[in-house]
Amino acid sequence: SSNTRAYWFSPGSRVPALGGARSEMARVGRLALFTLYFIVFVDFFQLSFVFPLLPKIVEGFGKGATEIGILGSVSAAAEGIAAPYLGAWADRIGRRPVFLIAMAGCCISTTLIGLAPSYYFLLVAQLASGACGGTASVAAAYIADVTTPEERASYMTYFQAAIFLGLSGGPSVGGFMNSVGGYRVACYTAAGICAANLLCLALFLPDSRAYREGALADGEASGPAAEAEVGDACAAPVEVPRLPRSAYVIGVANFLNGIGFTAFESICILYIQAEFFDGAPDPATLFCSHVISGVGVVGLIVNLFLYSPLQRCFGLRGSILLGGLCAAAGFVGIGIPVSKLWFFVVVQVFVFGDNIMSTSIQTMITLMVHPSQFGK
């Protein structure tokens, strides 16, 4: 009915904020935001099908730890190089077109991983996958476009929750499909899910350009909430937008954090094999899938129930410090191979801290920069 359509599509239809309170003024209807969250959920669901299987695939080509590390580094480097360009491109032509292109590339690259006849073919496929892997940052920029600084942290928690909901189910499903039909079946299924997600994006997600242009006119980048939280960093020029130095500082910090995370990501299964399973790849791969599913559950709990009160209590800067300390403690614990249970628990401690820190950083950087540079 017309009333139903108005409820879902009109800018006055708000998504409630965490804790039962209603958000002040998201500038898109419920369907648009729920579509975005669903797309992000499905994207990470299908991506996490394949991630735990990559070391086993590499070993199947007769390669070892060095090649597994190179594979992870190539993918991360490609994403790190491509993501700023995707973001800047999204600032110019809109979030939706970049979303569509990146997701189509992800679908193709996942198919290529399933088809890979050799390690070097797999390396090229992972390079393409990394280059198309900047969809999360584009989605975060979309949320920044359609929310005010005051409400942005709450909406970012829904976004992070969608990511971790996908991670909570994808690895276990992918591991099961690998045990039933092999890794190629898991890859082809992930590619099919990605194609369906691409169709959903094309049909239901409106572009945020009109809302971003409204934010440019309103000058939201220098609102009072931003000034209270980040001080002088919010004073980015409006007439000639430039990234403030504090944004580059955050970039360097994320780079250093990413080195540790990528190293862990690359050698996790090898570490598990060596320390807990006497070098056996299959049980190590299955256990790693369960660990990643646990990561998804913890991330979901943090974003839906814990982040909002912690952020209100500590603020953005305090949340970043708290999250960083917890993540560092988790990393130290990971390096002490006491038992499988210990490993599972300390990984979740790391995820708890990293999730609080990353959500706060994503929110803070949108308060530091002009709306025309959210994507970048």
Side-chain angles (χ1 to χ4, degrees), residues 40-61 63 65 68-69 71-72 75-76 106 109-110 113-114 116 122 125-126 129 133 136 161-194 261-302 330-331 333-334 337-352 354-355:
V40 170
F41 156 69
V42 175
D43 192 28
F44 279 83
F45 179 76
Q46 61 86 19
L47 283 173
S48 61
F49 266 38
V50 180
F51 162 68
L53 308 178
L54 287 175
K56 182 180 178 181
I57 297 173
V58 172
E59 290 180 333
F61 292 132
K63 306 296 182 180
I68 292 173
L71 191 70
S75 177
C106 182
S109 62
T110 305
I113 291 173
L122 178 64
Q126 273 293 95
S129 178
I163 291 176
F164 284 101
L165 183 61
L167 291 176
S168 66
S172 295
V173 175
F176 172 76
M177 297 194 69
N178 173 65
S179 64
V180 172
Y183 75 87
R184 297 185 191 276
V185 172
C187 290
Y188 299 149
T189 303
I193 293 173
C194 189
F261 181 80
T262 304
F264 168 70
E265 184 180 57
S266 300
I267 67 171
C268 175
I269 292 183
L270 294 179
Y271 180 77
I272 291 171
Q273 281 182 214
E275 296 295 339
F276 306 124
F277 293 97
D278 297 324
D282 287 338
T285 300
L286 185 60
F287 177 70
C288 185
S289 296
H290 294 329
V291 171
I292 298 173
S293 292
V295 165
V297 172
V298 170
L300 191 64
I301 292 171
V302 169
F331 259 138
I334 288 170
V338 176
S339 66
K340 288 184 287 185
L341 178 61
W342 168 267
F343 180 84
F344 184 91
V345 170
V346 293
V347 167
Q348 311 315 319
V349 171
F350 163 74
V351 170
F352 169 82
D354 188 70
N355 194 26

Exercise: identify the closest heavy-atom pair between Ala162 and Val40: CB-CG1, 4.1 Å

Close side-chain approach of Ser168 and Phe45, heavy atoms under 4.5 Å: no

Beyond-backbone contact of Phe41 with Ile163, side-chain heavy atoms, under 4.5 angstrom: no

Set of residues satisfying salt bridge (charged side-chain N to carboxylate O under 4.0 Å, His left out) with respect to Lys63, sequence neighbours excluded: none

Side chain to side chain contact (heavy atoms under 4.5 Å, CB included) evaluation trace for Leu54 with Gln126: CA-CA 10 Å; Leu54 287 175; Gln126 273 293 95; 3.5 Å; yes

Separation of Ile193 CD1 from Tyr188 OH (nearest 0.5 Å): 15.5 Å

Atom pair CG/CD1 of Leu71 and Ile113 - distance to nearest 0.5 Å: 8.0 Å

Rounded distance (nearest 0.5 Å) linking atom OG1 of Thr285 with atom CZ of Phe277: 9.5 Å

From Ile272 atom CD1 to Leu286 atom CG, the distance as rounded to the nearest 0.5 Å: 10.5 Å

Minimum side-chain heavy-atom gap Leu270-Ile68 below 4.5 Å: yes

Expected output: side-chain Ser293 to main-chain Ser289 donor-acceptor under 3.5 Å: yes

Check: Val185 and Val180 side chains under 4.5 Å, non-hydrogen atoms: no

Crowding at CZ, Phe176 (>12 non-hydrogen neighbours, <6.0 Å): no

Rounded distance [0.5 Å steps], CE in Met177 versus SG in Cys187: 10.0 Å

Minimum-distance pair of heavy atoms, taken over all atoms of Gly166 and Ser48: O-OG, 3.6 Å

Ring geometry between Phe276 and Phe287 (parallel below 30°, tilted from 30 to 60°, perpendicular above 60°): perpendicular

Separation of Tyr183 OH from Leu53 CG (nearest 0.5 Å): 10.0 Å

Sub-4.5 Å side-chain heavy-atom contact between Gln46 and Cys106: yes

All pairs passing salt bridge (charged side-chain N to carboxylate O under 4.0 Å, His left out) where residues 43-56 contributes a residue, at least two apart: Lys56-Asp282

Least distance between heavy atoms, Ile334 atom then Tyr271 atom: O-OH, 2.7 Å

Side chain to side chain, Cys268 and Phe343, heavy atoms closer than 4.5 Å: yes

Main-chain N/O of Gly333 paired to Trp342 side chain as donor or acceptor, under 3.5 Å: yes

Heavy-atom side-chain contact between Gln348 and Val291 under 4.5 Å: yes

Considering all heavy atoms, the nearest Phe164-Val295 contact: CD2-O, 3.4 Å

